[in-house]
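Take a look at the structure below.
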Amino acid sequence: MGNGFFEVPIAVNEPVKSYAPGSPEREEVLKTYKEMYKAKIEVPLFINGKEVKTKETATMSPPHDHKHVLGTYYKATKKNVEEAIETALEARKKWAVMPWEQRAGIFLRAAELLAGPYRAKINAATMLAQSKNIYQAEIDSACELIDFLRFNVQYMTEIYAEQPESTSAAWNRIEYRPLEGFIYAITPFNFTAIAGNLPASAALMGNVVVWKPSNAQIYSAKVIMDVFREAGVPAGVINMVMGDPEMISNTLMASPDFSGVHFTGSTGVFQGIWKKIGDNIKNYKTYPRIVGETGGKDFIVAHKTSNPKQVATAMARGAFEYQGQKCSAASRCYISKSIWKDVKEYLVDDIRSFKMGTPEDMGNFINAVIHESSFDKLASYIDQAKKDKNVEIIAGGNYDKSKGYFIEPTVIVTKDPKYTTMCTELFGPVLTVYVYDDNKWEETLHLVDETSEYALTGAVFSEDRYALEEAVKILENAAGNFYINDKPTGAVVGQQPFGGARASGTNDKAGSKQNLYRWISPRMVKETFVSPTDYRYPFLG
Ligand code: NAD
């Protein structure tokens with residue numbers, strides 16, 4: 001066995017490829033997309049490294065082409081979920097004591113597999129399963145997931161290096177143990193990177209995991225599982241189960257060995273999980289760690305001194321990229337009256353130039369929303385806005401689900417700053433604007449702070465430093481990720497650790513050391529070299 005204080009490669013962000021016409025990456029991803037579109041796949045459960053097929057199945061379809069079937073996935077029974085727990089606990093015996101450099105090697109390998117041989121596949125799978133255009137797929141499923149894996153390895157070693165002071169008489173050491181039990185990772189549909197990171201970050205720190213991907217993301221989750229297996233994640237360390245979320249959660253969280261949940265998704269679901277943990281608290285062997293990154297109602301507030309073209313561009317990108325289905329997407333804007341005419345003109349021009357359709361046609365900036373229930377919800381809010389007084393739709397407003405779940409990017413202007421779409425998370429391409437009087441800057445900042453229960457992302461635009469400073473102070477608790485003169489989306493691992501507070505989550509900042517601390521339980525070891533032999537202290541003299 002070799003000894004050494006090993007140094008891991010310094011993490012750098014994976015460069016984003018351009019996919020410009022004629023580029024080799026564009027050709028490769030389109031070829032892969034076409035092949036995957038035609039093939040029919042099966043996604044089994046993964047328990048103890050084995051593929052498990054059950055009697056109950058469901059089909060998977062692209063949101064932009066919902067009559068086309070990409071394949072089938074198998075749904076877990078209660079017994080399967082119980083097997084996943086047993087298998088994880090069995091795997092823990094070896095995994096938790098495996099030297100850290102072996103774990104690092106596995107996840108660094110996973111990053112390289114994604115950067116190279118699996119890049120086109122994970123991107124094409126994300127385009128098909130979640131209806132992302134190639135740029136949105138590349139920054140998510142390739143680059144962000146690669147970044148999570150590389151940076152987390154580096155952060156793990158930085159944490160392990162954090163050690164207390166010692167003296168010549170006593171040596172103090174901290175061991176960063178994995179949690180006792182298993183971690184339950186629950187992931188949302190909208191980011192393939194999050195789906196990969198939530199199980200991987202806990203496993204990297206020596207934990208065993210049962211992972212439940214969103215039913216709407218299983219197609220690309222399968223590629224992640226293939227990468228984990230090829231990278232060498234041992235059997236039972238990350239188990240993937242799909243099916244009824246309620247049954248799966250109830251079964252996992254009833255186990256006395258449940259030691260933490262790593263959740264990303266909506267606020268209501270997370271609150272239900274927290275409640276269940278509370279109800280079961282007496283049954284657990286250890287207090288479970290609860291990490292949840294949840295909903296948002298993210299804002300842009302523009303001062304009268306801001307540049308209208310920059311504000312309009314931030315709105316166009318921040319609200320409508322990936323159909324507004326980012327937890328960080330701008331969905332309420334506060335624009336000062338004197339610049340609104342220009343901002344509106346630029347914004348409406350931009351929206352008119354958007355093309356909408358399948359991601360296979362790379363001219364399309366906008367694709368479909370994830371599923372029928374999301375489509376119906378968004379359509380109902382748009383219909384309501386068409387009827388409401390005090391509200392005007394200045395762009396979009398149409399929708400069509402005959403082939404795919406297409407909603408036109410829609411801008412609502414309201415005279416009521418507490419109008420329903422200024423407060424409620426819709427999670428789609430609908431942006432609401434409130435125009436405020438130029439002289440009500442401070443009042444508007446308080447309005448921004450008090451309008452929503454969430455506090456995920458927010459952006460302020462101004463060329464006036466005093467106005468910016470006021471915004472930074474008044475909005476201190478209104479966003480976990482706060483942007484100055486930039487759109488509120490597009491956080492990069494290692495540069496802008498991501499997460500929000502209030503109803504937006506526990507703010508444990510994915511892609512940072514803070515998050516990894518949640519998956520370890522330090523043990524302090526003090527070793528005294530010459531132990532005392534007399535209880536009397538000198539003062540007793
Ligand atoms: P969702 O809450 O519907 O689903 C998230 C996960 O929870 C899925 O795996 C789902 O199957 C599971 N789930 C659903 N009901 C459950 C139950 N009763 N018990 C246990 N698990 C259950 O969210 P979604 O539609 O997949 O994703 C969109 C939501 O996620 C939005 O609210 C968005 O803001 C949020 N989100 C937040 C962040 C962040 O970092 N804060 C990132 C991405 C998405």
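Between T410 and E408, the side chains place no donor N or O within less than 3.5 Å of an acceptor N or O (distance only, hydrogens not considered). Counted by atom type alone, S331 and D298 present zero donor-acceptor pairs between their side chains at under 3.5 Å. A donor-acceptor pair shorter than 3.5 Å cannot be found between the side chains of S504 and T294. Looking at Q217 and S220, their side chains do bring a donor and an acceptor atom within 3.5 Å of each other. A donor atom on one side chain and an acceptor atom on the other are not found under 3.5 Å apart for N485 and Q310. Side-chain N/O atoms of N515 and K513 include no donor and acceptor closer than 3.5 Å. Residues D508 and T506 have side chains that bring a donor and an acceptor to within less than 3.5 angstrom of each other. Side-chain contact annotation: K326 with Q136, donor-acceptor N/O pair under 3.5 Å present. Side-chain N/O atoms of K487 and T489 include a donor and acceptor closer than 3.5 Å. Remark: the T414 side chain and the D416 side chain contain no N/O donor-acceptor pair separated by less than 3.5 Å. Using modelled atom types, one finds no donor on one side chain facing an acceptor on the other under 3.5 Å when comparing Y19 with E27. Between the side chains of K337 and N439, no donor-acceptor pair of N or O atoms lies under 3.5 Å. Using a 3.5 Å distance cut-off with no hydrogens or angles, the side chains of H64 and S131 do pair a donor with an acceptor.
Closest approach of A302 to W441, counting heavy atoms only: C-CZ3, 4.1 Å. Across every non-hydrogen atom of D464 and T305, the tightest pair is N-OG1, 3.4 Å. The two atoms that bring F299 and P488 nearest to each other are O-CG, 4.2 Å, heavy atoms only. Closest non-hydrogen pair, A459 versus D486, comes out as CB-O, 3.1 Å. Heavy-atom minimum distance, T451 versus P417: CG2-O, 4.0 Å. The two residues P62 and Y37 come nearest to each other via the heavy atoms CG-CE1, 4.5 Å.
Side-chain contact between M36 and L128: present, with at least one pair of heavy atoms (C-beta onward) separated by less than 4.5 Å. With a 4.5 Å cut-off on side-chain heavy atoms, M156 and Q154 do not count as touching. Side-chain contact check for L252 versus I248: some heavy-atom pair is nearer than 4.5 Å. In this structure, the side chains of T457 and F498 come closer than 4.5 Å at one or more pairs of heavy atoms. The side-chain heavy atoms of I382 and I393, taken from C-beta on, include a pair separated by under 4.5 Å.
More than 12 heavy-atom neighbours from other residues, nucleotides or ligands sit within 6.0 angstrom of CZ on F482. No more than 12 heavy atoms of other residues, nucleotides or ligands lie within 6.0 Å of NZ in K415, so this atom counts as exposed by the packing criterion. Atom CD1 of I281 is surrounded by more than 12 heavy atoms from other residues, nucleotides or ligands within 6.0 Å. Within 6.0 Å of CZ in R26 there are more than 12 heavy atoms belonging to other residues, nucleotides or ligands.
The backbone N or O of R518 sits less than 3.5 Å from a side-chain atom of R289, completing a donor-acceptor pair. At distances below 3.5 Å, not a single donor-acceptor pair connects side-chain atoms of E14 with backbone N or O atoms of D147. With D437 contributing its side chain and K440 its backbone, the two residues share no donor-acceptor pair below 3.5 Å. A distance-only check finds a donor-acceptor pair linking the side chain of K386 to the backbone of G397 [under 3.5 Å]. A donor-acceptor pair is defined here as one N or O able to donate and one able to accept, closer than 3.5 Å; such a pair exists between the side chain of R332 and the backbone of K297. The backbone N or O of I366 sits nowhere less than 3.5 Å from a side-chain atom of N364 that would complete a donor-acceptor pair. The backbone N or O of L475 lies less than 3.5 Å from no partner atom in the side chain of H446, so there is not a single donor-acceptor pair. Remark: the backbone N or O of G499 is paired with a side-chain donor or acceptor of N481 at under 3.5 angstrom. Side-chain atoms of N207 come within 3.5 Å of backbone N or O of L179 as a donor-acceptor pair. Using a distance-only test at 3.5 Å, with no hydrogens or angles considered, no donor-acceptor pair links the side chain of S374 to the main chain of I370.
The side chain to side chain donor-acceptor pair (under 3.5 Å) pairs that include a residue from residues 183-199 are T126-T192, Q130-T192, N152-N197, Y184-S249, T187-W211, where partners are two or more places apart or lie in different chains.
H68 contributes atom NE2, which lies 5.0 Å from atom CG of L70 (distance to the nearest 0.5 angstrom). A distance of 12.5 Å separates CH2 in W274 from CE in M253, rounded to the nearest 0.5 Å. The CD atom of E138 sits 9.0 Å away from the OG atom of S18 when rounded to the nearest 0.5 Å. With rounding to the nearest 0.5 angstrom, the NZ atom of K509 is 15.5 Å from the OH atom of Y517. If you take CG on L145 and CD1 on I122, they are separated by 6.5 Å, rounding to the nearest 0.5 Å. Remark: N215 CG to I218 CD1 distance equals 4.5 Å, nearest 0.5 Å.
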Exercise. Decide yes or no on salt bridge (Lys or Arg N to Asp or Glu O under 4.0 Å) for K473 and E442, but give the supporting numbers first.
Key: CA-CA 11 Å; K473 277 203 193 110; E442 201 182 316; over 6 Å; no

Quiz item: Do H371 and Y405 pass the ring-ring contact (aromatic ring centres under 6.0 Å, His included) test, and can you show the C-alpha distance, the side-chain angles, and the key distance before you say yes or no?
Solution: CA-CA 7 Å; H371 44 45; Y405 302 115; 7.8 Å; no

Practice problem: Using the side chain to side chain contact (heavy atoms under 4.5 Å, CB included) rule, take I186 and V261 through it: C-alpha gap first, then chi angles, then the decisive distance, then the call. | Solution: CA-CA 7 Å; I186 314 175; V261 64; 3.9 Å; yes

Quiz prompt | Criterion salt bridge (Lys or Arg N to Asp or Glu O under 4.0 Å) on D279 and K275, from CA distance to verdict | solution = CA-CA 6 Å; D279 290 343; K275 186 169 183 312; 3.5 Å; yes

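Aromatic rings from F375 and Y399 are positioned such that their centres are separated by under 6.0 Å. Between H303 and F461, the gap from one ring centroid to the other reaches at least 6.0 Å. Aromatic ring centroids of F263 and F270 lie under 6.0 Å apart.
For the pair K132 and Y322, the distance from NZ or CZ to the six-membered ring centre is under 6.0 Å and the angle to the ring normal is within 45 degrees.
F365 and F354 have tilted rings, their planes meeting at an angle from 30° to 60° on a 0 to 90° scale.
Between K304 and E463 there is no salt bridge, since no side-chain N of the basic residue sits under 4.0 Å from a carboxylate O of the acidic one. Look at R465 and E469 and you find no salt bridge, because none of the NZ, NE, NH1 or NH2 atoms lies under 4.0 Å from a carboxylate O. Note on K401 versus E372: salt bridge recorded, some NZ/NE/NH1/NH2 to OD/OE distance being below 4.0 Å.
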